[in-house]
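A, B, ... follow the sequence lines: proteins, then strands. Residue 1 opens every chain.
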2 protein chains.
Amino acid sequence: MNAVKPRLRLQFGKAVAIGPGKAELLELIAETGSISAAAKRMAMSYRRAWLLVDTMNRCFDSPLVETAAGGKGGGGARITDLGREVLARYRSILTKCAEAAADDFAFLDSHLASAPPENPH
Amino acid sequence: MNAVKPRLRLQFGKAVAIGPGKAELLELIAETGSISAAAKRMAMSYRRAWLLVDTMNRCFDSPLVETAAGGKGGGGARITDLGREVLARYRSILTKCAEAAADDFAFLDSHLASAPPENPH
DNA sequence: CAGCGTTATATGCGCCAGGATATATCGCCA
DNA sequence: TGGCGATATATCCTGGCGCATATAACGCTG
């Protein structure tokens, strides 16, 4: 059935501390151990991925991702404890939100059009 | 104190059914009775405001905003009952989310940098 | 010490969202 | 019936975001 997908961004000043894209990136970095591999998985340029990581790191009081240039396998990136917790908290907000406002989401879903607008002019 | 501002968008297919901008626009249309006046208040072009309204209307099974070209004062726009309720539900989701995940927000806030990144490269 | 893969960073280009502008139409009102 | 103000819609242009590309540095490994 038609349903609306909530997308949450946590804004810190002008920057987005974390959002759907950064969260997925964080997860993939944890999984792959490198920024470039994570970027490939998301079909995203390394440049963009690096920028996202940089922004995340600078939004918090300590880095979410630590990197190493050179060394075994050329280097890599690993997620810190804070990174893991930030990611968990972000996910937690989403699930709690879906639960707490289930009735509101149900109402909105029940009034959606039969199909999403394809050609928005 | 430093705090993160949650920004929620409800996506329906490729379109955003409602988000922070559309919600504010909806509110201002209700208040002013016209798309152009609401757009001015938001320092937004009429074109953009009209497109946002059009998208919103097409995302739901009946319009959130009804318009009239010509007539007293040249015409105008008014928010429908559904529009009012969609707006209320959107706000409701935000407040319920803030309550339900207060601890998560508190954690994130407590680990924010001393200032938001100004020059993101 | 040469080679490799990764991080780190600069530069140029292309695309497109959005602004600016122009025009048509509508329906009350003086 | 002409004027007004708002909706409705097309066209042109610009700024900025993101991609592609290029280069340097790094540090293990053979």
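Proximity of a side-chain donor or acceptor of B:S34 to a complementary backbone N or O of B:G76 within less than 3.5 Å is not detected. Distance alone, capped at 3.5 Å, places no donor-acceptor pair between the B:S36 side chain and the B:Y46 backbone.
Set against D:dT7, C:dT11, C:dA8, the side chain of A:R47 has C:dT11 as its closest nucleotide. When each of C:dG18, D:dC28, D:dT7 is scored by its nearest atom to the side-chain atoms of B:R48, the top-ranked nucleotide is C:dG18. Closest to the side chain of A:I35, out of D:dT7, C:dA8, C:dG19, is C:dA8.
Regarding contacts with the backbone of C:dA8, a side-chain N or O of A:T67 is found under 4.0 angstrom from either OP1 or OP2. Distances shorter than 4.0 Å separate none of the side-chain N or O atoms of B:W50 from OP1 or OP2 on D:dT7. B:S36 has a side-chain polar atom (N or O) that falls below the 4.0 Å cut-off from OP1 or OP2 of D:dT7.
No more than 12 heavy atoms of other residues, nucleotides or ligands shown are found within 6.0 angstrom of NZ on B:K40.
For B:D54 and D:dT7, the CG to C1' distance is 12 Å, given to the nearest whole Å. As rounded to whole Å, 11 Å separates atom P of D:dC28 from atom NZ of A:K72. Rounding to whole angstrom units, OH of residue A:Y46 and P of C:dA8 are separated by 5 Å. Atom NZ of B:K14 and atom P of C:dC16 are 12 Å apart (whole Å). Spacing between atom CG of B:L51 and atom C1' of D:dT7 amounts to 13 Å, rounded to whole angstrom units. The distance from atom CZ of A:R41 to atom P of C:dT6 is 13 Å, rounded to the nearest whole Å. If you measure from atom CZ of A:R78 to atom P of C:dT7, you get 14 Å, rounded to the nearest angstrom.
Applying the side-chain hydrogen bond (donor to acceptor under 3.5 Å, both in side chains) test to every pair with at least one member in residues 19-28 of chain A, sequence neighbours left out, gives these pairs: A:E27-A:R91.
Where B:S45 and B:G74 meet DNA chain C, the nucleotide closest to each residue was compared, and B:S45 sits on the side nearer the 5' end.
Between A:A39 and A:S45, the shortest heavy-atom distance links the atoms CB-O, 4.1 Å.
Within 4.0 Å (heavy atoms only), B:A68 reaches sugar-phosphate atoms of the nucleic acid but no base atom.
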